[in-house]
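Both backbone and side-chain heavy atoms feed into the values below; hydrogens, waters and symmetry mates do not.
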Amino acid sequence: MKNLKIYLQDILDKNTVVKKWNPKGKLNLNLVGSYKYYLVNMMEIDFLLINPLYNQSIPTLKAQASIISKKTGYNVGILLDDITNYRKKRLIQEKIPFVCLNNQIFLPFIGTYLEKCTKKQIQKETREKFTPTMQLIYLWILYNDYNIITQNLISEKTSISPMSISRSLDFFVSIGLMEYATTGKTGRKKEYSYKNKKEFFTNGRNYLINPIKKSFYTDNLPDDMKIYISGLSALGEQTMLGEPNNTIVATTDKIASEFDIPVIPSNVAIDEPLTEVQIVKYDISILTKNKYVDPITLIYSLEETDDRIEIAIEEMMEDYEWYEE
């Protein structure tokens, strides 16, 4: 415990306090006998670190940490003496907080991710979700069948800046979505790849954000405005769901700003068949292959779903082998 306190004080917060914590009376006997418990106060946040007394599988660690968190009200991280690269990657993929002495800290509930921690290294912020640009690049990779991905390839096929592409690809590597190899005469060219599309989607979906920045209603949409059918309108046209009373379309801030579009209050739109305009956080034209927004943007734009909508989503996605609810 002394080493843990000194380590956290040196790396993150000199005022860190670590105390042994007694789980008896608060947790069942199995959980009491499976871990050593430490209550940590760091950056004015209290949380538990639990040190396994024997080797546990990652699913077990995740499930038991979740139970302990619900029972105690504390965020919970796993305290490890050592860790392999594979296990480290899996813990991060599963969003399981952990501290490995003299190796790595991953505590997303206080925004902390440090790799091979030493006093001299700089703290890096852990992203819990994609930025809009990251999501755009992630979806572009998902929809296209390239075995090898490079910065130049994405740059040539899209309007995204090389710096944003490089930053996004490196982030995908850091969370275990992709791997890379260096090639070229100078050994500086990076070629990125992923194991398979299903795994790429399943692991990446945890980082997806709601793509809608804002929405509004209008009764006069310019004919020459570049828009795509979106939301339940797009889902209804492509499946047996049926279309809503209000047509829903999507565009970007840049496109919408080029037109003088009258905005109608939402309370009026309830009784009138007005058009709902969704402003998407990224350039959907890069992803769109027809008059509809791409399917993942559509799915993650839906604020609420029910059994009918879920069935329609499954129908829409049946040709995408990598998609699985």
Side-chain angles (χ1 to χ4, degrees), residues 127 129-146 149 151 153-165 167-169 171-172 177 197 200-201 204-218 221-239 241 243-244 246-261 263 274-305 309 312-313 315-320 322-323:
R127 295 187 182 276
K129 297 291 183 180
F130 289 144
T131 65
T133 300
M134 286 178 182
Q135 183 149 318
L136 175 59
I137 293 171
Y138 167 80
L139 293 177
W140 184 88
I141 294 172
L142 185 65
Y143 295 136
N144 288 277
D145 295 321
Y146 292 101
I149 307 292
Q151 176 186 304
L153 173 65
I154 300 177
S155 183
E156 289 170 3
K157 301 292 184 180
T158 72
S159 58
I160 305 170
S161 72
M163 183 176 294
S164 295
I165 296 169
R167 186 182 298 118
S168 298
L169 290 173
F171 178 70
F172 298 161
L177 283 183
K197 193 160 287 191
F200 183 71
F201 172 68
R205 70 188 304 173
N206 297 322
Y207 296 86
L208 291 170
I209 59 173
N210 185 324
I212 307 305
K213 180 179 180 181
K214 60 183 178 181
S215 63
F216 61 87
Y217 291 91
T218 186
L221 202 61
D223 293 335
D224 56 342
M225 183 174 167
K226 190 175 183 179
I227 58 173
Y228 300 93
I229 302 174
S230 183
L232 292 180
S233 291
L235 187 60
E237 286 192 18
Q238 297 176 88
T239 67
L241 179 65
E243 300 170 49
N246 296 79
T247 300
I248 305 170
V249 299
T251 189
T252 64
D253 249 341
K254 182 179 179 181
I255 293 173
S257 65
E258 297 173 357
F259 299 87
D260 185 16
I261 307 171
V263 177
L274 303 179
T275 299
E276 179 182 351
V277 181
Q278 297 178 331
I279 303 299
V280 183
K281 297 173 183 176
Y282 45 80
D283 186 358
I284 46 177
S285 68
I286 292 175
L287 306 173
T288 304
K289 301 185 184 302
N290 49 41
K291 64 179 181 179
Y292 305 109
V293 297
D294 69 277
I296 299 301
T297 295
L298 188 162
I299 292 168
Y300 279 80
S301 73
L302 300 175
E303 294 184 355
E304 296 181 3
T305 62
I309 293 173
I313 289 173
E315 180 185 345
M316 180 181 68
M317 299 303 294
E318 61 186 7
D319 292 333
Y320 296 89
W322 44 262
Y323 183 83

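- Asn246 places a side-chain N or O within 3.5 Å of a backbone atom of Leu274 that can act as its donor or acceptor partner.
- A salt bridge (charged side-chain N to carboxylate O under 4.0 Å, His left out) check over residues 277-292, counting only residues at least two apart or in different chains, returns the pairs Glu237-Lys291.
- In this structure a side-chain-to-backbone donor-acceptor pair under 3.5 Å is present from Asn290 to Tyr292.
- Evaluation of the ring-ring contact (aromatic ring centres under 6.0 Å, His included) rule for Tyr282 yields no partner, not counting sequence neighbours.
- The only option from Tyr207, Trp140, Phe130 that meets the ring-ring contact (aromatic ring centres under 6.0 Å, His included) definition with Phe172 turns out to be Phe130.
- Although no hydrogens or angles enter the test, the distance criterion places no donor-acceptor pair under 3.5 Å between the side chain of Thr239 and the main chain of Glu315.
- Listed by chain and number, the residues in a side chain to side chain donor-acceptor pair (under 3.5 Å) with Asp253 are Lys213 (sequence neighbours excluded).
- Scored by the ring-ring contact (aromatic ring centres under 6.0 Å, His included) test, Tyr320 finds Trp322 as partners (sequence neighbours excluded).
- Between Leu241 and Ala312 the shortest heavy-atom distance is CB-CB, 3.9 Å.
- With sequence neighbours left out, the side chain to side chain contact (heavy atoms under 4.5 Å, CB included) criterion links Asn210 to Ile212.
- In this structure Lys197 satisfies the salt bridge (charged side-chain N to carboxylate O under 4.0 Å, His left out) test together with Asp145, sequence neighbours excluded.
- Between Ile141 and Tyr146, every side-chain heavy-atom pair lies at or beyond the 4.5 Å cut-off.
- Rounding to the nearest 0.5 Å gives a distance of 10.5 Å between CG of Leu235 and CE of Met317.
- Between Met316 atom CE and Ile309 atom CD1 the span is 11.0 Å, to the nearest 0.5 Å.
- By the neighbour-count criterion of 12 heavy atoms within 6.0 Å, atom CG of Asp260 is sparsely surrounded, having that number or fewer from other residues, nucleotides or ligands.
- Residues satisfying the ring-ring contact (aromatic ring centres under 6.0 Å, His included) criterion with Phe200, sequence neighbours excluded, are Tyr138, Tyr194.
- Under the rule for a side chain to side chain donor-acceptor pair (under 3.5 Å), the partners of Thr305 that lie at least two apart in sequence or sit in another chain are Glu310.
- Side-chain atoms of Thr158 come within 3.5 Å of backbone atoms of Ile154 as a donor-acceptor pair (strictly under, hydrogens ignored).
- Here the CZ atom belonging to Phe201 is positioned 8.0 Å from the OH atom belonging to Tyr143, to the nearest 0.5 angstrom.
- Both tests do not hold together for Arg205 against Tyr300: distance to the six-membered ring centre under 6.0 Å, angle to the ring axis within 45°.
- Gln135 places no side-chain N or O within 3.5 Å of a backbone atom of Thr131 that could act as its donor or acceptor partner.
- Legend: residues meeting side chain to side chain contact (heavy atoms under 4.5 Å, CB included) with Asn206, ordered by chain and number and at least two apart, are Lys95.
- Take Pro222 and apply the side chain to side chain contact (heavy atoms under 4.5 Å, CB included) test, not counting sequence neighbours, and it matches Asp224, Met225, Phe259, Ile261.
- Ile279 is not listed as a side-chain neighbour of Ser215, based on a closest heavy-atom distance of 4.5 Å or more.
- For the pair Ile313/Leu302, a side-chain contact is recorded, criterion being any heavy-atom separation below 4.5 Å from C-beta on.
- The backbone N or O of Ile160 lies less than 3.5 Å from no partner atom in the side chain of Ser164, so there is not a single donor-acceptor pair.
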Candidate pair Leu136 and Ile284, rule side-chain contact (heavy atoms from CB on, under 4.5 Å), full reasoning
CA-CA 8 Å; Leu136 175 59; Ile284 46 177; over 6 Å; no

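- Distance OH/Tyr228 to OG1/Thr251: 8.0 Å, rounded to 0.5 Å.
- For Ser233, the side chain to side chain contact (heavy atoms under 4.5 Å, CB included) partners at least two apart in sequence or on another chain are Ile229, Pro244, Thr247, Ile248.
- The distance from the CD1 atom of Ile299 to the CD1 atom of Ile296 is 4.5 Å, given to the nearest 0.5 Å.
- Counting non-hydrogen atoms of other residues, nucleotides and ligands closer than 6.0 Å to CD of Glu303 gives a total of 12 or fewer.
- Take Thr288 and apply the side chain to side chain donor-acceptor pair (under 3.5 Å) test, not counting sequence neighbours, and it matches no residue.
- Residues Ser230 and Ala250 come closest through the heavy atom pair CB-CB, 3.6 Å.
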